[in-house]
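Letters A, B, ... are given to chains in the order of the sequence lines, protein chains preceding strands, and every chain is numbered from 1. Heavy atoms only: backbone and side chains are in, while hydrogens, waters and symmetry mates are out.
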Amino acid sequence: MNTWVFDFEDVTGGYGGSVVVRGLTGAVAAGQALCVLGRNGVGKSTLLRLLHGFLPLARGSVRFAGRDLAGLDPARRTALGVSFAPQERIVFDDLTVRENLTLMRPGHPLAALAPYFARFPRLAERLGQHAGTLSGGERKLLSLLRVLAEDRPVALLDEPSEGVQSESVRQMATLIGERKAAGAAFVIVEQNLELVEAVADRYLILDQGRTVQAGDRSTLRRAELVAHLRV
Amino acid sequence: MLLLLLALPLALGEYWAFQLGLFFLYAIAALGVALCWGQAGFLPLGQALFVGLAAYLSGAALIQWGEAWWVFLLLPFAAIAAGALAFLLGLIIFRGRSESGPYFAIITLAIALLAFQVANSWNAVTGGYNGMKAIPGLPGLEGFSDVYYLAAVALACAVALCGWLVQAPLGTLWRAIALNERRVAYFGYDTAMLKAIAFGLSGVLAGIAGALYAPQQGLVTPELVGFALSADLVIWVAVGGRKRVLGPVLGAVLVGILSAELRERTYYWDLIVAAVFVFVVLYAPGGIGALLAPLERLLPGRRKALEPLRAPASKAPRSAVTLAIDGVSAAAGEVRILDRLSLAVARPGIYCLIGPNGAGKTSTFNMLTGELRAQAGEVRLDGDILSKPTPYRLARRGVGRKFQIPSVFGELSIDENLRIAVWSARTSLLDWLRPATRRWDTPVMAALRGRYPFLDDGGRLASALSHGERQVLELSMALITEPRLLLLDEPCAGLSSEETAQVREVIRWARDTLGLSVVIIEHDMALVKQLAEHVFVLHQGRLLAEGDVAAIRSDPRVHEVYVGAAE
Amino acid sequence: MTTSLARRKFLIASAAGTALIGAPAFIRNASAAKDFKIGMFYAIAGPAANLFGPTQKACAELAVEQINARGGILGRRVQLLFANGDAAVADATKSAVRMLLEDKVDFFLGSHNSAVREALVATIKARVPYVYTPIYEGGECSPNTYVIADTPRQQMETVLPWLHKKAGYKSVYLIGNDYVWPQVTNKYAKGIFKKLGVSVLGEEYVPLGAPNKFEEAVTRIKGAGPGLVLITLVGGDNVNFNRTFAGFGLDKNILRVSSLLEENTLLGIGAESSNGLYGCMSYYSSVDTPAHRAFKTAYRKKYGDKAPILGLIGVDTYAGVKFVEAVVTKAKANAAAKVKSAANGITFASATGTMTMRNRHVDKDMYLAECKGTEFQIVETFSNVKSGQTCA
Amino acid sequence: MDPLLVTQALNVLYEVVTLAVIVLGLAIVFGLLGVMNLAHGEFIALGAYVAYVCQSHGLPYLAAVPAAIAACALLALPVERFLIRPLYDRPFDTLLATWGLSLFMRKAIEIGFGGGYKSLKIPVSDSVLVLGTPFPAYRLLLMALCAALIAALLLWYRRSVAGARVKAMVGNRELAQAVGIRTDRLARDTFVVGLCFAGLAGVMVAPLVSVQPYMGLDYVLRSFFVLVVGGLGSPLGLLSGAAAIGGVESAMSALVDRTAGYSTVLLIAIFFLWRRPHGIFGRS
């Protein structure tokens, strides 16, 4: 009996019959973050979409709290306890910031989010605005806040720091750390080393759809990462 | 076949000859609908307009000069007038909006409704509600079954014409438009013109039906212009099968005649037809015509591979290209995508465009090809300001583009895909009609075939290719057009390292042989290092840095946007 | 021999009753040569099929039954062959060709719109006599063609002067659908108004086959303030207009005459909206004449409680069949010339009395009806009104 | 004030407001789900026939409201499951399939109820003085009801959580699934609600028009025109489209005649379909 709250094994699949990722395996326990790293185009986003049921698995399995998620659509996976923040089209442009945050939790007081708003006062000021009017960075923050507000055991985040100013990235890292301390688990696709170094408990480095390196925090070496991420 | 058709009235009698003659005429009009819908991918919902117009013209001519033998010579003009109207309408509508979805169908429907009101109210010319009456039969063909022969011959000619068009380059281009019109425009084709030609020809076919309808029936009423016949034509084509040449003929003759015979005897007939129609739309898009597929395979005489012909030189300019983007801003909604972007491509070579996601790389391409409107700044191609660029115009000036997700024409064969590229900027209207155009070949194409043997397996459908093969096919198509400037969006995404290496070599080879400027959006820094002679780094819609690979690597600003702030 | 065989088959078929309705069709074909065949076009399938079709068929079959009971026409049993008249003209044409060439009918009978009539005229080309029955705009003088229909003269010449005398309207407003029948009717009516010294305050036409609403037209009429509105709208437009007219309260002060107002349309208009509405046609189911009482008794007897509702378009096929009987009996043949000379001045039965054929149209009794709820109350009978048509 | 002018102005307003209600169902189905439902008019007819059946059984007119909603919902569910759901993202085929459905429903109504005209008694038959001019009370009531219905729907769409979820699904289907919205069910419910609104519109206009099997034809094309002119998916678009199509038709009919009104509407529709398919306010 393992202690993983979320794990996947031999995940293989891609778009429209083509295979983009092959044989990926990973796991995360409550209170941990698994960071998935690699250059653009190596299949990181594809992996997250396979994990959350947007794409069908050609092979392999995904489990939440030991339960096989095969055959469940994304909405049901979310309802079970796995939040998902995609990389593109990350907020509902036609809804206000408040609606974005409360869509699935009608009547839930926003006050519970006060600690988050304290870190991102600009969002608190814009509660009544349509999310479509926010800047790219603000949208990323809103997307993250939405997932944190959902307060589910597992969250899958696709490049949360993309386009976000470095000061805010540090705030993000702190928030994710707090949620980890409260027992939440994360799978984070990321290229920003600062964030990775701040939150990662385990990591997975991909190249051309395959795992080239995996391990826990103790084996995370900045120099190696840079080599895989950059020129 | 034709003999059988001509002998039919002797076997079935005059009434059936009359009935069949009428539905042969309808079948000719249905062939036109199928040409638009099954081939070029747009659905005319008011086709009766052209049937009716030709019928009124033909009726008027017969009333005026019905005794004279040369009235026969006038009838083609009725059909041509209908076709000309269709062509002009098509050109105006398609020029106004490039897509051909359901809105086009509703426009044609609205035009037919207007035409019905005109035909119904304009008593002096059309005879109003009661119709244009006392139209004499054609000289020497006054019997009930006499028009049958004319209709049978006309139908045979129409089927032959459609069969030939479907085989001709024009047919390939139409089918490509139906699959992905934007992509066809990127190959330098005037898609609005191509669609207008299809619509015009469908108008001619409808016109032939109308021109013969008048003498056959002796009466033309406004309902011939109206919605009911238009709707019937669509139902016949759908049930008969819109993609096969004989589909609409089967639909019109079988469904049409069954309806005419059974509607007044079977109370629930309309219910049955509606149910069959819905069933066909949902579950049998091939219609009855699909049942013919096994028969067609039995037919002998598959064309042998013919000797390739050397294609004429491209009409696009050949000189080296210069491109200058100067202070261009663009936005989508509230979000600013390009922010005073400036960069220049001054001489042939390989340029890489890099930057984090959302930096505006693909948007830069979209802005260049006119899909994203620039709000400020200007773009100069060869020194001329590009105002209102379109994919078609740019392709004509030697600018090609390959998309990130390969967008080859899946339901066409590899050969057809390649031909669309070869014909780009080399063909005239006449070439679109000549079968010999299908044999065109160029040294670039031959060289690419040499590098990629799968391209020789021309009969395979592009949709059956692997992801990597599709990437290669699309790159090959882009190169075969022999552009001066080629925009490549992640040409190696999803390729194995072996395939990536091959693509890299092909790009280098193309630069050398074609004197080409290539701008590549690329994330794979290893590839950038190997390929790029010059790198542009974009960040938040602006040019952050440029220079050779070494200069970029040592730039701290680039480092920061990629990996986060240094400690 | 063959005759008696045919008769026996007919008797067997009749005895077998409704269960065998499919079978006699085959048997009838076997006896084809001897029967007197009438090719009848009526609304079998189409928008009008449920409105008029059952009545058209029932009335024609009643007439045929009566004729056959007396021994048929020239000793030949009368047989009706049916084709759809509520169809595209090309469909009607091909049915006519089939009846001409394959069924070899002796007479055509049509109850359908004018466009289909033109199609039949163009197809038959006078080879076989053709009688056209429903209300129309007049002017049909094609050779070998006979018309039972009400004409604009027969309608307008009676109702307009009568209402002028009784109600004294001084001005009139014309509204109709935009096609030939309303235009011709209004042209005729305007001649009468001129003679009566009535001023025409407005004349408007609405598109045929378009989704029409009448709030604006009714308001315009309200502003014009005529004493009478002459309505030549058809079908649903007629219903909508009259409901809107009454909805705006104009029915309290302004009289209405509708040219094509039969029982179905009145049901659609409804009791609330029919106050002050008049019609003038040659048939209403409430006409009270000895002939009509007999007709209705026979009709009820044949069709029982489920009998289709009686109305002008439908009942006129009865007169049509009776005309065929009368004229062929007199001419002793169906050859064009003989029928033509026999037809002029011939008198034959209609559902309400008799009609007389002159100039290939008929002189007939016309009835002025006032709407009382959804019933027609006959307020005046005009005897032997001339058609005003002068076909040679 | 000129009483005729007042009445004609009210007529224009009446036309615009009732047209907006007639389009409402299609605005939901086409505007939000992108389903070009050519059977929209037949569902309006269905509502009108349900009203007729209720009235002829002596029920109060309001009883037709739940009855029509029930009838439309019962029919809409299988239609969504077997006709619409397999054809999402195939707009041509949806167009043709719903067209087939409309032919089917029309004939079925004819078989079920006969082809004759049905007349419904007007629930409120008096006139009311408006600025000194009498105007039929039911028309005024209908205008008020229509306005209230549209306002309620808009308010619901703007303020309610369900409205926000629909908006979320329409704007970003994938993210909607990611946050846990069962989009297939929500789309089904939206479709059913749209058709129920069509039925409701049928109940409302039934006393004023000729109720007959072919009545749906009168509504469907104009409804599409309204949506094309107004632009899809926005409540403001629905109202501006209804104002443009209904208002122009009514005004032209008042100033010239019906032929002018009808032709103008066709020409406006052709122009918008051709040049501005995203409506008056839309970006091309």
Side-chain angles (χ1 to χ4, degrees), chain B residues 37 41-43 45-46 89 92-118 120-121 178 227-228 231-232 234-235 237-239 242 263 267-283 285 331-333 373, chain D residues 30 34-36 38-39 42 79 82-87 90-112 213 217 220-225 227-228 232 258-260 262-278 283-284:
Chain B
W37 186 23
F42 60 89
L43 172 63
L45 217 48
L89 276 177
I92 293 170
I93 298 170
F94 292 132
R95 281 256 191 275
R97 47 187 290 106
S98 57
E99 59 106 3
S100 42
Y103 281 11
F104 171 82
I106 298 181
I107 292 179
T108 54
L109 169 60
I111 293 175
L113 290 179
L114 267 180
F116 173 82
Q117 288 303 329
V118 172
N120 201 44
S121 309
F227 179 58
D232 277 343
V234 171
I235 292 177
V237 170
V239 175
R242 62 181 190 263
R263 176 169 288 132
Y267 187 55
Y268 296 104
W269 179 251
D270 289 330
L271 222 51
I272 296 167
V273 170
V276 167
F277 179 58
V278 171
F279 176 85
V280 166
V281 170
L282 277 172
Y283 303 111
R373 183 119 56 93
Chain D
F30 183 33
V35 173
M36 297 186 95
L38 281 190
E42 275 59 43
V79 165
F82 297 108
L83 218 65
I84 304 299
R85 204 181 296 179
L87 298 180
R90 282 162 66 187
F92 265 145
D93 289 341
T94 313
L95 192 81
L96 295 174
T98 54
W99 178 27
L101 175 69
S102 79
L103 296 175
F104 193 89
M105 283 180 71
R106 208 176 300 152
K107 193 68 190 173
I109 288 175
E110 194 175 324
I111 288 168
L217 282 176
V220 63
L221 209 56
R222 277 203 316 168
S223 299
F224 270 103
F225 292 166
L227 290 177
V228 168
L232 296 177
R258 285 297 310 177
T259 308
Y262 179 63
S263 319
T264 315
V265 161
L266 285 179
L267 288 172
I268 291 177
I270 290 171
F271 174 80
F272 271 87
L273 284 161
W274 171 43
R275 295 302 306 190
R276 300 194 63 96
H278 301 286
R283 290 182 297 266
S284 54

Visitor: Heavy-atom pairs under 4.5 Å with chain B: which of D:Asp93, D:Thr98, D:Leu101 has the most?
Guide: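 Top count of heavy-atom pairs under 4.5 Å with chain B: D:Asp93.
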Visitor: List the atom of D:Ala108, the atom of B:Leu271, and the distance in Å for their closest heavy-atom pair.
Guide: N-CD1, 3.9 Å
Visitor: State, to 0.1 Å, how close D:Phe30 and B:Tyr103 come at their nearest heavy-atom pair, and which atoms those are.
Guide: CZ-OH, 3.8 Å
Visitor: Restricting to side chain to side chain donor-acceptor pair (under 3.5 Å), what partner residues turn up for D:Thr259, sequence neighbours left out?
Guide: none
Visitor: Looking at D:Thr94, D:Leu96, D:Leu87, D:Val228, which one has more heavy-atom pairs under 4.5 Å with chain B than the rest?
Guide: D:Leu96
Visitor: With a 4.5 angstrom heavy-atom cut-off, could you sort out which part of B:Val234 is near chain D: side chain, backbone, both or neither?
Guide: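 B:Val234 touches chain D through side-chain heavy atoms alone.
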Visitor: For B:Ile106 and D:Met36: C-alpha separation, side-chain torsions, deciding distance, then whether side chain to side chain contact (heavy atoms under 4.5 Å, CB included) applies.
Guide: CA-CA 11 Å; B:Ile106 298 181; D:Met36 297 186 95; 3.7 Å; yes
Visitor: Contact part of B:Leu109 toward chain D, heavy-atom cut-off under 4.5 Å: side chain, backbone, both or neither?
Guide: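 Just its side chain gets close to chain D.
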Visitor: Below 4.5 Å from any heavy atom of chain B, which atoms of D:Arg90 appear? Answer side chain, backbone, both or neither.
Guide: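 Contact with chain B involves the side chain of D:Arg90 alone.
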Visitor: How many angstroms lie between OH in B:Tyr268 and NZ in D:Lys107, if you round to the nearest 0.5 Å?
Guide: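 Here the interatomic distance stands at 10.0 Å.
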Visitor: Angle between ring planes, B:Phe227 versus D:Trp99, binned at 30° and 60°: parallel, tilted or perpendicular?
Guide: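 Tilted: the ring planes of B:Phe227 and D:Trp99 meet at 30° to 60°.
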Visitor: Pick one of side chain, backbone, both or neither for B:Ala231, based on which atoms fall under 4.5 Å of a heavy atom in chain D.
Guide: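 Interface part for B:Ala231: both.
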Visitor: With rounding to the nearest 0.5 angstrom, report the CG to CG distance, B:Leu114 to D:Leu266.
Guide: 4.5 Å
Visitor: Closest approach of D:Phe92 and B:Gly41, non-hydrogen atoms and distance?
Guide: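 Heavy atoms only, the tightest pair is CE1-O, 3.4 Å.
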Visitor: If every non-hydrogen atom of B:Ala274 is compared with every non-hydrogen atom of D:Gly100, which pair is closest and at what distance?
Guide: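 For B:Ala274 versus D:Gly100, the nearest heavy atoms are CB-O, 3.6 Å.
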Visitor: Just so I know, are the side chains of D:Leu103 and B:Val273 near enough to count as touching, which here means a heavy-atom distance under 4.5 Å?
Guide: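 Contact flag for D:Leu103/B:Val273 side chains = no.
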Visitor: Against chain B, label D:Ala269 side chain, backbone, both or neither, depending on which of its atoms sit under 4.5 Å from a heavy atom there.
Guide: neither
Visitor: Under the side chain to side chain contact (heavy atoms under 4.5 Å, CB included) criterion, do D:Leu83 and B:Leu282 qualify, and how do the steps go?
Guide: CA-CA 7 Å; D:Leu83 218 65; B:Leu282 277 172; 3.5 Å; yes
Visitor: Of the non-hydrogen atoms in B:Ala110 and D:Phe225, which two are nearest, and what is the gap between them?
Guide: CB-CZ, 4.3 Å
Visitor: Please determine, among B:Val276, B:Ile272, B:Val278, B:Leu45, the option with the most heavy-atom pairs under 4.5 Å with chain D.
Guide: B:Val278
Visitor: Pick from D:Phe272, D:Phe224, D:Tyr262: which one has the most heavy-atom pairs with chain B under 4.5 Å?
Guide: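 So the answer, after comparing D:Phe272, D:Phe224, D:Tyr262, is D:Tyr262.
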